[in-house]
Amino acid sequence: MNALFIFLGMIGVPQVILIVVVLLLLFGGKKIPELMRGLGSGIKEFKNAAKEDQPADAKKEEDKKE
């Protein structure tokens, strides 16, 4: 827990700005939205696949909630 707090505490506003600048230099302004769309669709597919792999009991409970 303490190690995680130390790691997350090291990332601040200057580091985020530096990461954004490096990404802009590497990929350019036009390519970044395409990369983010691809990342978002990948996360969406992962969530859908995780829902499909749920046990039958969990699916029945979700159906009852809806």
Quiz item: With clusters built from Ile, Leu, Val, Met, Phe, Trp and Tyr whose side-chain heavy atoms come within less than 4.5 Å, directly or transitively, what are the remaining members of the cluster of V13, listed by chain and number?
Solution: I17, V21, L25

Quiz prompt | Taking every non-hydrogen atom, the tightest pair across G29 and P33 | solution = O-CD, 3.2 Å

Quiz item: Of V20, L24, L26, which meets side-chain contact (heavy atoms from CB on, under 4.5 Å) against I32?
Solution: L24

Quiz item: Do you reckon M36 sits in the same ILVMFWY cluster as V22, going by side-chain contacts under 4.5 Å, direct or chained?
Solution: yes

Practice problem: Measure the CG-CG distance between L18 and L23 for me, rounded to the nearest 0.5 Å. | Solution: 9.5 Å

Quiz prompt | Contacts of L35 that satisfy side-chain contact (heavy atoms from CB on, under 4.5 Å) - sequence neighbours left out | solution = F27, K31

